[in-house]
Amino acid sequence: MIKIENVSFQYRGTDTKVLDNLNLEIQEGEIIAIVGKNGCGKSTLGKLIAGILPLKQGSITIDEIDSKNKKKEQEIRNKIGIVFQNPENQIVFSNIKDEISFALKGLSREEINNRVQQALEKVDMLQVKEQDLYNLSLGQKQRVMIAEILAKNPKYIILDEPTTMIDSLGKDKIYQIIKSLKQQGYTLICITNLADEILLADRTLILENGRLVTEIKKEELVERAKEIEEHGIKLPTLLEILCKLNEKGKKINLQDYTVEELVEKL
C-alpha cells in the first residue's frame with residue numbers, strides 16, 4: 001500500500017503550493033485515475049511518489065517504508081516505475097533490447113534476456129524486438145517504455161499521461177495493457193486528462209489547487225457524473241450514454257463490465 005499523509009509541495013522560487021496538505025491511500029492491485037485541470041498538482045504527486053522530486057513536507061510510505069529513508073532508497077525505487085507522456089524524451093538507445101536492459105545492471109545475461117522477453121510479451125511488442133526503436137510509431141515507443149519499467153519487476157506503476165500524444169489505435173493498445181497488468185496483480189496510478197481513462201479505474205480522484213476534492217468509485221460514476229463535470233472534467237462518451245440510459249430507467253452498473261463488454265451490451 002502507498003500512504004500519503006499531509007503532503008505539501010511548492011517549487012523553488014514560487015510562493016504557491018502545488019500540493020496542499022494532501023492525504024491519500026492507494027491499495028494494492030487497484031487502478032487509480034488522478035485527474036484535474038492543468039496545474040492541479042497531479043504530475044507533481046506522481047513524481048513525489050516515484051522519488052523524482054524530494055519530499056520535504058508530509059510523508060509518503062511505500063509498503064510501510066518511509067520514502068525519506070535513504071537506506072531504503074533503492075528498495076523503494078525497485079518497487080515503483082514511472083512512464084511519462086512523451087516516450088521520445090525517455091529513449092536512450094536505438095536498440096530495443098539495450099533500452100530495456102539499461103536498468104538491469106548486476107543481473108546475469110540470462111536473467112536480463114528473460115526479463116526483456118517477458119516484458120515485451122506483456123506489451124505485445126515481441127515481434128519488433130529486432131527493429132530500431134526510433135523507427136517505431138509513437139504508440140509502439142510508449143509500449144517499449146512500459147516494457148522497460150516492467151523488466152524491473154515493480155509492484156507499483158505510475159503512468160503520467162501515457163496516451164496524450166498517441167493516436168486512437170495506440171491508446172486502445174495501452175488501455176488493453178493497463179487492464180492486463182491489473183489482472184496480473186500490478187497497482188497502477190494513471191495520471192490523466194483523458195476522459196476515457198476514467199473508465200479503466202477502480203477509483204477516480206479529482207485534484208483542485210493541490211487538494212483532493214472528490215473520490216469516486218467506478219460503480220458510482222453514472223450517479224455522480226454531474227459532479228465530475230462540475231470540476232471541469234469531460235465525461236467519456238460511453239459514460240454520457242450510460243447517464244442518458246439511467247435517466248430513462250435503464251440502469252447499468254459499470255463495475256460489472258469491461259469497456260468492451262459495455263459497448264457490446266449497448
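Computed from heavy atoms alone, side chains included, the values below leave out hydrogens, waters and symmetry copies.
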Among all residues two or more places apart in sequence or in another chain, which pass the side-chain contact (heavy atoms from CB on, under 4.5 Å) test with [X]?
X: T192; answer: V35, L194, E197
X: N6; answer: N21, N23
X: N89; answer: N86

N/O donor-acceptor pairs under 3.5 Å from side chains in residues 115-123, not counting sequence neighbours:
| unit_1 | atom_1 | unit_2 | atom_2 | d |
| --- | --- | --- | --- | --- |
| R115 | NE | E111 | OE2 | 2.9 |
| R115 | NH1 | A151 | O | 3.1 |
| K122 | NZ | Y186 | OH | 2.8 |

With sequence neighbours excluded, tell me which residues meet side chain to side chain donor-acceptor pair (under 3.5 Å) with [X].
X: Q90; result: none
X: Q57; result: none
X: K155; result: E28, D63
X: E229; result: none

Checklist entry - What is the distance from atom CD1 of I65 to atom CD of E73, rounded to the nearest 0.5 Å? => result 12.0 Å

Next on the checklist: Could you measure the distance from the CG atom of L188 to the NZ atom of K179? Nearest 0.5 Å is fine.
Outcome noted: 12.5 Å

Next on the checklist: Taking transitive links into account, so neighbours of neighbours count too, which hydrophobic residues share a cluster with L138 at under 4.5 Å side-chain distance?
Outcome noted: M165

Checklist outcome for this item: Grouping ILVMFWY residues whenever side-chain heavy atoms fall under 4.5 Å, the cluster of F102 otherwise contains V92, F93

Next on the checklist: What I want to find out is whether E230 reaches K226 closely enough, with some N-O distance under 4.0 Å, to be called a salt bridge.
Outcome noted: no

Neighbour count above 12 (heavy atom, 6.0 Å) for [X] [atom1]:
X: E64; atom1: CD; result: no
X: K72; atom1: NZ; result: no
X: Q184; atom1: CD; result: yes

Checklist entry - With a 4.5 Å limit on heavy-atom distance, are the side chains of L159 and I174 in contact? => result no

Checklist entry - Are any non-hydrogen side-chain atoms of L136 and M125 less than 4.5 angstrom apart? => result yes

Checklist entry - Do I82 and I4 share a hydrophobic cluster (ILVMFWY, side-chain heavy atoms under 4.5 Å, transitive)? => result yes

Checklist entry - Same hydrophobic cluster for I158 and I178, using side-chain heavy-atom links shorter than 4.5 Å among ILVMFWY? => result no

Checklist outcome for this item: side-chain hydrogen bond (donor to acceptor under 3.5 Å, both in side chains) pairs touching residues 41-56, sequence neighbours excluded, are Y11-T44, K42-N193, S43-D160

Item to check | Name of the residue among I198, I228, L199 meeting side-chain contact (heavy atoms from CB on, under 4.5 Å) with T204 | outcome: I198

Item to check | Pairs meeting criterion salt bridge (Lys or Arg N to Asp or Glu O under 4.0 Å) with involvement of residues 80-105, two or more places apart | outcome: E88-K141

